[in-house]
Undergrad: 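Below is a structure I'd like to ask you about.
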Amino acid sequence: MLDLKQIRENPQAVQAQLNRRSGDYDLEPILIRDRQQRELEATRSQLQARSNEIGKLIGQKMKAGSDPQGAAILVLKEEGNQIKTQLSELEPREKEYKAEIEGLLLNLPNLPRLSTPDGKNETENVEVRRWGDEYLPKNDNILPHWEIGEKLGILDFERSVKVARSRFVSLLGAGAALERALISFMLDCQTAAGYGEVLPPLLINSETLTGTGQLPKFAEESFRCQDDDLWLTPTAEVPLTNLYREEVLEASQLPIYHCAYTPCFRREAGSYGKDTRGLIRLHQFNKVELVKLVHPETSEAEHETLVRDAEAILQALKLPYRVLELCTGDLGFSAAKCYDLEVWLPSSGTYREISSCSNCWDFQARRASIRFKEAGKKGTQFVHTLNGSGLAVGRTMSAILENYQQPEGTIQIPDVLQPYLKREVLIPESG
RNA sequence: GGAGAGGUGGCCGAGUGGUCGAAAGGCGCAGCACUGGAAAUGCUGUAACGGGGUAACUCGUUCGAGGGUUCGAAUCCCUCCCUCUCCGCCA
């Protein structure tokens, strides 16, 4: 959520930053309602002040022994009643305005950083660096991961459609074990890097989704439980960040680092026909997520180290990748600045997103009211929240099935995973 | 699911209709004193959010959430959420 005060005091500057994003955003309705709300508030609080005064006066008189039915008290009561009538008209109107402003604010995306490159869409993202050219596979005729996976008997898409619907998969035998090995490996790396492991709830409520920005605007992206105010978590960023919702932390508690393995559930509305095969775009996938809550002064540096922590996994697995900085047109709703990691997928000859590392600045903290207090200082400040995948597990699996594919149709297991999987090569499953 | 008890400031915890009580006391935090320095001790200060004001300051809101009664509600009534204890059930 943007700062209403900032919008009020500097509407042109805020509007200019919003205009750099894709989509149209208009601050005018907010400014109008805000002005009306404040006018009402001035009147209302004056009436309330008088009403409070009357209450005190009556109290004083009663204590002093006045007759409760006496004229002096009845006059005051009458005035109190009149004020109550006036307030009963003003109060609901002011509440309505406030709710309206809140609703409008909740639908505005974060402001990009000034340094964020301009651009219309993903084609204008900027490559920051590239790693691992020496690990690009040399062999031709690499099968797409879904084909080699089915040949090896470790992926079953067809039967999973029967059990759930399209865009679901079952991992079998060594496939399931490889996924599990990847999860353990990633968690071991990230906990060693200082992220405290969390296994959060996977069903989460609306407030939680509002806190990080998935609601109200993107309700159609998540699965909802019909009989409860609960949704399937679309990414661990949501429960992890909201762990601290409505809290005032001590500055000394910052920074807070968390990592979590969770399944993630996404409806993928509007992506019909895109990535219909394989592990790239499923309704359910596994991910190890990194979340940081930090002091505003350190947030840019923390963002850089977060990206490095995600990259470390790809480097350990020797998977070629590149780092992009997203342009304003491709920036997510809550992000002020974002780096994507893209891993090389040889079957399609492209880099595909495997991690997205965002600095949400104070945007989520304001929505979720996550603040901190500096010892001795008056008031509170909002923390900065950051999140990134470290990494998307299914996409890592597909990258391994392709980059480590051998000409004879087996899969070499990356060195660092061998202790986890207790084998060096994947051969076709017997049954 | 049944019975009971609760939800108050950054934390713990008093407070059951009235000015003096946004709220005792404690912890924490900050300043000062004491000390070579610290600990301990003593004194002082310390809620958040919104409005107005250059500021000093000032008005309002907030005692789980939302309604109601009243001139006046942390305190009474209704609904909901959550926590704890006992019983039942269950992995």
Side-chain angles (χ1 to χ4, degrees), chain A residues 1-9 30-105 199 201-211 225 227-231 239 242-254 256 293 295 362 365-383:
Chain A
M1 189 152 63
L2 300 182
D3 183 3
L4 180 58
K5 216 179 273 179
Q6 191 192 357
I7 294 176
R8 179 154 70 217
E9 284 166 7
I30 293 180
L31 291 168
I32 291 169
R33 274 294 181 246
D34 177 51
R35 225 172 292 132
Q36 293 171 320
Q37 186 275 123
R38 278 186 298 151
E39 269 172 40
L40 264 182
E41 179 168 345
T43 318
R44 193 218 69 216
S45 74
Q46 270 175 27
L47 283 171
Q48 243 152 7
R50 178 57 186 161
S51 167
N52 291 343
E53 203 182 348
I54 290 170
K56 280 180 189 171
L57 284 172
I58 293 178
Q60 278 169 6
K61 288 187 191 298
M62 304 273 275
K63 263 241 161 100
S66 295
D67 173 11
Q69 299 304 317
I73 286 185
L74 287 181
V75 165
L76 284 171
K77 280 195 183 183
E78 177 50 30
E79 191 186 349
N81 272 324
Q82 278 175 17
I83 290 175
K84 204 154 51 154
T85 312
Q86 296 181 61
L87 281 174
S88 71
E89 203 240 317
L90 295 183
E91 269 180 337
R93 219 160 17 118
E94 197 194 340
K95 261 188 199 173
E96 218 173 279
Y97 286 177
K98 277 193 164 159
E100 226 176 291
I101 292 166
E102 171 95 356
L104 290 166
L105 282 175
L199 192 55
L202 302 182
L203 293 182
I204 55 181
N205 62 37
S206 299
E207 255 185 279
T208 294
L209 283 153
T210 306
C225 300
D227 295 334
D228 300 276
D229 177 31
L230 289 170
W231 307 64
N242 277 278
L243 241 25
Y244 299 92
R245 192 174 70 236
E246 281 148 52
E247 289 196 25
V248 179
L249 304 161
E250 303 268 356
S252 60
Q253 288 176 265
L254 302 176
I256 293 172
L293 307 190
H295 193 290
D362 60 359
R366 186 170 273 116
R367 288 177 157 244
S369 185
I370 308 172
R371 296 170 294 166
F372 72 95
K373 197 177 171 62
E374 219 130 20
K377 272 198 198 165
K378 227 177 141 48
T380 59
Q381 301 177 63
F382 290 108
V383 301

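Keep in mind that the numbers below use all heavy atoms, side chains included, and drop hydrogens, waters and symmetry copies. Owing to the predicted nature of the structure, the values given are computational and were not obtained by experimental measurement.
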Undergrad: Does B:U69 pair with anything, Watson-Crick or G-U wobble, both distances under 3.5 Å, and if so, with which nucleotide?
TA: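 Check on B:U69: unpaired, no WC or wobble geometry under 3.5 Å.
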Undergrad: Write down the distance separating the C1' atoms in B:G17 and B:A73, rounded off to the nearest Å.
TA: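 It works out to 6 Å between them.
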Undergrad: Looking at A:Glu89 and A:Arg93, is any side-chain nitrogen of the basic one under 4.0 Å from a carboxylate oxygen of the acidic one?
TA: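 Salt bridge present between A:Arg93 and A:Glu89.
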Undergrad: Taking CG from A:Asp228 and P from B:C80, how many angstroms apart are they, rounded to a whole number?
TA: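 So the CG-P distance, A:Asp228 to B:C80, works out to 16 Å.
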Undergrad: B:G13 and B:C71: how far apart are their C1' atoms, nearest whole angstrom?
TA: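 These two C1' atoms come out 32 Å apart once rounded.
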Undergrad: Can you give me the closest heavy-atom contact between A:Ile370 and A:Arg245, atom names plus distance?
TA: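 Residues A:Ile370 and A:Arg245, closest heavy atoms: CG1-CA, 3.9 Å.
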Undergrad: Just by protein heavy atoms under 4.0 Å, how would nucleotides 63-71 of chain B read 5' to 3' in B, S and -?
TA: ----S--BB
Undergrad: Tell me the interatomic distance from A:Tyr244, atom OH, to B:G10, atom C1', rounded to whole angstroms.
TA: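 After rounding, the reported distance stands at 16 Å.
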Undergrad: Rounded to the Å, how far apart are A:Ile73 CD1 and B:U19 P?
TA: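 So the two atoms are 14 Å apart, to the nearest Å.
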Undergrad: With rounding to whole Å, what would you report as the distance between B:G66 and B:G9 at their P atoms?
TA: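 Approximately 15 Å lies between the P atom of B:G66 and that of B:G9.
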Undergrad: Please report the distance separating the P of B:A24 from the corresponding atom of B:G15, rounded so that it comes out in whole Å.
TA: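 Their P atoms lie roughly 14 Å apart.
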Undergrad: Using purine N1 to pyrimidine N3 plus N6-O4 or O6-N4 for Watson-Crick, or N1-O2 and O6-N3 for G-U wobble, each under 3.5 Å, what pairs with B:A91?
TA: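 Pairing partner, where one exists within any strand: none, as none qualifies.
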Undergrad: Taking pairing as Watson-Crick or G-U wobble with both contacts under 3.5 Å, can you name the mate of B:C20, or confirm there isn't one?
TA: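 Across all strands, not a single nucleotide pairs with B:C20.
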Undergrad: Should A:Leu105 and A:Ile7 count as side-chain neighbours, where that means a heavy-atom distance under 4.5 Å?
TA: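 In contact.
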Undergrad: Could you tell me how far apart A:Leu57 (CG) and B:G18 (C1') are, to the nearest whole angstrom?
TA: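 A:Leu57 atom CG is separated from B:G18 atom C1' by 12 Å.
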Undergrad: Rounding to the closest angstrom, what is the interatomic distance between B:A65 and B:G7 at atom P?
TA: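 To the nearest whole Å, 13 Å.
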Undergrad: Starting at CD of A:Glu102, measure out to NZ of A:Lys95 and round the result to the nearest 0.5 Å.
TA: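 Taking CD in A:Glu102 and NZ in A:Lys95, the distance rounds to 14.0 Å.
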Undergrad: With rounding to whole Å, what would you report as the distance between B:C29 and B:A38 at their P atoms?
TA: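 Between the two P atoms, the distance is 16 Å.
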Undergrad: Going through the distances and angles, do A:His295 and A:Phe372 end up as a side-chain contact (heavy atoms from CB on, under 4.5 Å)?
TA: CA-CA 8 Å; A:His295 193 290; A:Phe372 72 95; 3.6 Å; yes
Undergrad: With both distances kept under 3.5 Å, what pairs with B:A48, Watson-Crick or G-U wobble?
TA: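 Pairing partner: B:U61.
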Undergrad: Searching all strands shown, indicate the nucleotide that pairs with B:U41 (Watson-Crick or G-U wobble; both distances under 3.5 Å).
TA: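 Result: B:A33.
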Undergrad: Report yes if some heavy atom in the side chain of A:Lys56 is under 4.5 Å from a heavy atom in the side chain of A:Glu53; otherwise report no.
TA: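 Heavy-atom side-chain distance check fails, nothing below 4.5 Å.
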Undergrad: Can you measure A:Lys61 atom NZ to B:U19 atom P for me and round it to whole angstrom units?
TA: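 To the nearest whole Å, that distance equals 16 Å.
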Undergrad: Between A:Ser45 and A:Glu41 (side chain of the first, backbone of the second, donor and acceptor by atom type, cut-off under 3.5 Å), is there such a pair?
TA: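 A pair under 3.5 Å: yes.
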Undergrad: Roughly how many Å apart are B:C49 and B:G88, using the C1' atom of each and rounding to a whole number?
TA: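 Result for the C1' pair: 45 Å, nearest Å.
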Undergrad: Under a 4.5 Å cut-off applied to non-hydrogen side-chain atoms, are A:Glu207 and A:Asn242 in contact?
TA: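 No, every pair of side-chain atoms sits at 4.5 Å or beyond.
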Undergrad: In the structure shown, which nucleotide is the Watson-Crick or G-U wobble counterpart of B:A3, with both distances under 3.5 Å?
TA: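 When the pairing criteria are applied, B:U85 turns out to be the nucleotide that pairs with B:A3.
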Undergrad: CG of A:Leu40 versus P of B:U61: gap in Å, rounded?
TA: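 Rounded to whole Å, this separation is 15 Å.
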Undergrad: Considering every strand shown, what is the Watson-Crick or G-U wobble mate of B:C27 when both distances are under 3.5 Å?
TA: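 Across any shown strand, B:C27 pairs with B:G10.
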Undergrad: Using only atom types and a distance under 3.5 Å, with no angle test, would you say the side chain of A:Arg44 pairs donor to acceptor with the backbone of A:Glu91?
TA: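 Looks like no, no N/O pair under 3.5 Å.
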Undergrad: Do the side chains of A:Ile30 and A:Leu4 get nearer than 4.5 Å, heavy atoms only?
TA: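 They are in contact (side-chain heavy atoms under 4.5 Å apart), so the answer is yes.
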Undergrad: When you check every protein heavy atom under 4.0 Å of nucleotides 45-59 of chain B, what one-letter string (B, S, -) results, 5' to 3'?
TA: ---SSBSS------S
Undergrad: When you compare B:U16 with B:G10, how far apart are their P atoms, in angstrom units rounded to a whole number?
TA: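 It works out to 23 Å between them.
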Undergrad: Taking the side chain as every heavy atom from C-beta outward, state whether A:Leu203 and A:Asp228 have any pair of such atoms under 4.5 Å apart.
TA: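 The answer is no; the side chains never approach within 4.5 Å.
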